[in-house]
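Here's a structure for you.
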Amino acid sequence: MQIGYKLATEQYGPGELIRQAVAAEAAGFDFVEISDHYHPWLDEQGHSAFTWTVLGAIAAKTSRIELVTGVTCPIMRYHPAIVAQAAATLQLVSDGRFVFGVGSGERLNEHVIAPGWPAVRERHAMLREALEIIRLLWSGGYRSYEGRYLRLEDARVFDLPDRLPPIAVAAGGPEAARLAAELGDGLFATEEKPQLVHHYRAAGGSGPRYAEVPMAWAPDEADAVRNAHTYFRWALSGWKVMSELPNPVNFEAATATVREEDIRGRFACGDDPGRFVEVARPFADAGFDRLVLMNAGPDPDGFMDFYRARLDAELRALGT
């Protein structure tokens with residue numbers, strides 16, 4: 001079992017994200033996973049730095065910890081040729097510590113280039129083509145591609161690492177889980193659904209399986225719940241809502257009925273390690289072996305101290 005720390009680009013500015021990544025390495029986390037957004041989920045969050053700039057700085061300031069995008073959408077805002085180059089470069093400057101997490105994206109971030117938002121089946125087809133383009137470019141030489149949705153003409157990524165970045169594909173259902181097995185090297189999820197791992201394995205997937213675990217640390221449970229409700233209530237809206245709404249104001253409206261009791265039911269809140277293990281256990285039981293701790297509490301440093309002193313060993317034991 002490996003344990004990662006979530007860097008929320010929507011919640012913190014770029015300098016603070018870099019500082020947290022350095023602190024996460026010192027706290028003993030195996031990897032940091034960073035979101036790749038154009039907009040925050042809610043206006044209250046107030047941030048949305050360019051992830052790839054932040055990742056380059058983190059690579060320069062750390063030496064051991066793995067870097068994971070959670071996740072990048074390579075079908076609209078970024079053409080797959082661009083992120084194929086970006087991922088290859090980051091793998092080089094991080095000395096082989098990068099894992100390229102990809103998914104079919106959210107309207108929240110992708111609509112900014114104004115092409116319209118495709119239906120989910122079309123987005124999955126576009127993701128398949130994007131992964132084929134990335135793999136093609138990573139095989140070396142000048143390459144062209146003529147897909148139904150995406151095209152490539154005489155492109156070459158000149159700086160390729162000897163060991164290519166593993167690709168972890170985000171899945172919320174069986175089709176995407178099978179795609180992760182076919183064209184990816186790992187699985188990425190935000191829900192503790194055993195069927196996702198089942199479909200991934202049934203399709204031949206044997207790589208690492210990443211999942212985000214909702215937590216909110218604070219010495220006072222009420223403070224943890226309050227902070228999570230203010231800044232992270234969007235996480236309870238469900239993937240169909242999260243992928244379709246265009247702007248933070250829409251998430252404000254969609255989450256107006258989320259109560260603090262709902263936060264308590266989903267997040268591990270407070271400072272009782274038993275509750276944190278209780279929330280993480282279903283993810284491990286579902287077959288995920290890379291747990292990403294998403295702290296919605298008000299004190300990142302306090303959470304890392306809590307993790308190192310009281311949570312690390314307990315969470316790793318879930319994998320035995």
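Counting begins at 1 with the first residue of the sequence.
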>> I need the M76 CE to I113 CD1 distance, nearest 0.5 Å.
In response: 5.0 Å

> Of the non-hydrogen atoms in G103 and P74, which two are nearest, and what is the gap between them?
Replying inline: O-CD, 3.4 Å

>> Per the ring pair (Phe, Tyr, Trp, His ring centres under 6.0 Å) rule, what does the pair list look like for residues 241-275, sequence neighbours excluded?
In response: W41-F251

> Would L55 and T69 count as a side-chain contact (heavy atoms from CB on, under 4.5 Å) if you check the C-alpha gap in whole Å, the side-chain angles of each, and the deciding distance to 0.1 Å?
Replying inline: CA-CA 9 Å; L55 279 168; T69 48; 3.7 Å; yes

> Is the backbone of L42 close enough, under 3.5 Å, to the side chain of Q45 for a donor and an acceptor to pair up by distance?
Replying inline: yes

> Is there a donor-acceptor pair under 3.5 Å between the side chain of D289 and the backbone N or O of P208?
Replying inline: no

> Which pairs, with at least one residue in residues 107-134 and sequence neighbours excluded, count as a ring pair (Phe, Tyr, Trp, His ring centres under 6.0 Å)?
Replying inline: H39-H111

> Do we see a donor-acceptor contact under 3.5 Å between the side chains of D36 and Y78?
Replying inline: yes

>> Could you report the tightest heavy-atom contact between A180 and L187, atom names first, then the distance?
In response: CB-CD1, 4.0 Å

> With the 4.5 Å side-chain cut-off for hydrophobic clustering, are M304 and L67 part of the same group?
Replying inline: yes

> Do E244 and R123 meet the salt-bridge criterion of a basic N to acidic O distance under 4.0 Å?
Replying inline: yes

> How far apart are the closest heavy atoms of A177 and A171, and which atoms are they?
Replying inline: N-CB, 3.5 Å

> Can you list the other members of the hydrophobic cluster that holds V120, where links are side-chain heavy atoms under 4.5 angstrom apart?
Replying inline: none

> Partners of P14 by side-chain contact (heavy atoms from CB on, under 4.5 Å), sequence neighbours excluded?
Replying inline: A49, V54

>> Applying side-chain contact (heavy atoms from CB on, under 4.5 Å) to E44 and E252, what does each step give before you reach the verdict?
In response: CA-CA 9 Å; E44 292 99 322; E252 176 70 32; 3.2 Å; yes

> For E153, does the CD atom have more than 12 heavy-atom neighbours from other residues, nucleotides or ligands under 6.0 Å away?
Replying inline: no

>> Test: side-chain hydrogen bond (donor to acceptor under 3.5 Å, both in side chains). Region: residues 84-95. Which pairs qualify, not counting sequence neighbours?
In response: none

>> Please determine whether a side-chain nitrogen of the Lys or Arg among R275 and E278 lies less than 4.0 Å from a carboxylate oxygen of the Asp or Glu.
In response: yes

> With distance as the sole test, does N295 use its side chain to make a donor-acceptor pair with the main-chain N or O of G297 at under 3.5 Å?
Replying inline: yes

>> Quick one, P165 and W138 - any side-chain contact, counting heavy atoms below 4.5 Å?
In response: yes

> So if you build clusters from Ile, Leu, Val, Met, Phe, Trp, Tyr with side-chain heavy-atom gaps below 4.5 Å, do F31 and I18 land together?
Replying inline: no

>> Tell me which pairs pass side-chain hydrogen bond (donor to acceptor under 3.5 Å, both in side chains) where either residue lies in residues 193-206, with sequence neighbours left out.
In response: E191-K193

>> If hydrophobic clusters are built from ILVMFWY residues whose side chains come within less than 4.5 Å, do Y38 and M242 share one?
In response: no

> Does the gap between the ring centers of Y307 and Y5 come in under 6.0 Å?
Replying inline: no

> At their closest point, which heavy atom of A81 faces which heavy atom of L152, and how far apart are they?
Replying inline: CB-CD1, 3.7 Å

>> Assess the residue pair R233 and E260 against the criterion (salt bridge (charged side-chain N to carboxylate O under 4.0 Å, His left out)); give the C-alpha distance rounded to whole Å, side-chain angles, the decisive distance to 0.1 Å, and a yes or no.
In response: CA-CA 9 Å; R233 62 187 182 277; E260 289 191 355; over 6 Å; no

> Looking only at atom types and distance, does a side-chain atom of D30 sit under 3.5 Å from a main-chain N or O of I3, one as donor and one as acceptor?
Replying inline: yes

>> Checking F98 against V93 for the side-chain contact (heavy atoms from CB on, under 4.5 Å) test, could you report, in this order, the C-alpha distance in whole Å, the side-chain angles of both residues, the deciding distance, and whether it holds?
In response: CA-CA 9 Å; F98 181 53; V93 301; over 6 Å; no

> Side-chain heavy atoms under 4.5 angstrom apart, residues restricted to Ile, Leu, Val, Met, Phe, Trp, Tyr: same cluster for F232 and F306?
Replying inline: no

> So how far is it from H47 NE2 to H37 NE2, rounded to the nearest 0.5 Å?
Replying inline: 14.5 Å

> How long is the gap from CZ on F100 to CG on L131, to the nearest 0.5 Å?
Replying inline: 8.5 Å

>> If hydrophobic clusters are built from ILVMFWY residues whose side chains come within less than 4.5 Å, do V157 and I133 share one?
In response: yes

> Does I65 offer a backbone N or O that forms a donor-acceptor pair with the side chain of E25 under 3.5 Å?
Replying inline: yes

>> Looking at G105, is its backbone amide N or carbonyl O close enough to the side chain of R77 to form a donor-acceptor pair, meaning the two atoms are under 3.5 Å apart?
In response: no

> Between the side chain of T51 and the main-chain N/O of S35, is any donor-acceptor distance below 3.5 Å?
Replying inline: yes

> What heavy-atom pair brings R266 and T190 nearest, and what distance separates the two atoms?
Replying inline: NH2-O, 3.6 Å

> Are L311 and V277 close enough that some pair of their side-chain heavy atoms sits under 4.5 Å apart?
Replying inline: yes

>> How long is the straight-line distance from CG of L293 back to CD of E33, given to the nearest 0.5 Å?
In response: 10.5 Å

> By salt bridge (Lys or Arg N to Asp or Glu O under 4.0 Å), which residues pair with D305, not counting sequence neighbours?
Replying inline: R308

> Counting N and O atoms only, with roles assigned by atom type, does the side chain of E129 sit under 3.5 Å from a partner on the main chain of L150, one being a donor and the other an acceptor?
Replying inline: yes

> Are any non-hydrogen side-chain atoms of I167 and V102 less than 4.5 angstrom apart?
Replying inline: yes

>> Once side chain to side chain donor-acceptor pair (under 3.5 Å) is applied, do any residues pair with N250, and if so which ones, sequence neighbours excluded?
In response: none

>> Looking at E146 and R151, is there a salt bridge between them, counting it only when a charged N and a carboxylate O are closer than 4.0 Å?
In response: yes

>> Keeping T62 on the side-chain end and V22 on the backbone end, is there a donor-acceptor pair under 3.5 Å?
In response: no

Pairs under 3.5 angstrom only: tabulate donor-acceptor contacts from the side chains of residues 213-221 to other protein residues two or more places apart or in another chain.
{"from": "D220", "atom 1": "OD2", "to": "A222", "atom 2": "N", "distance (Å)": "3.2"}
{"from": "D220", "atom 1": "OD2", "to": "D223", "atom 2": "N", "distance (Å)": "3.1"}
{"from": "E221", "atom 1": "OE2", "to": "R264", "atom 2": "NE", "distance (Å)": "3.3"}

> Does any pair with a residue in residues 141-194 pass ring pair (Phe, Tyr, Trp, His ring centres under 6.0 Å), and if so which ones, sequence neighbours excluded?
Replying inline: none

> Is it true that a side-chain atom of R209 and a backbone atom of V197 form a donor plus acceptor pair closer than 3.5 Å?
Replying inline: no

> In chain order, what residues pass the side-chain contact (heavy atoms from CB on, under 4.5 Å) check against A203, with sequence neighbours excluded?
Replying inline: R178, A181

>> Ignoring hydrogens, what is the shortest heavy-atom contact between D272 and F276? Give both atom names and the distance.
In response: O-CD1, 3.1 Å

>> Looking at E66 and R290, is any side-chain nitrogen of the basic one under 4.0 Å from a carboxylate oxygen of the acidic one?
In response: no

> What residues, two or more places apart in sequence or in another chain, satisfy salt bridge (Lys or Arg N to Asp or Glu O under 4.0 Å) together with D301?
Replying inline: R19

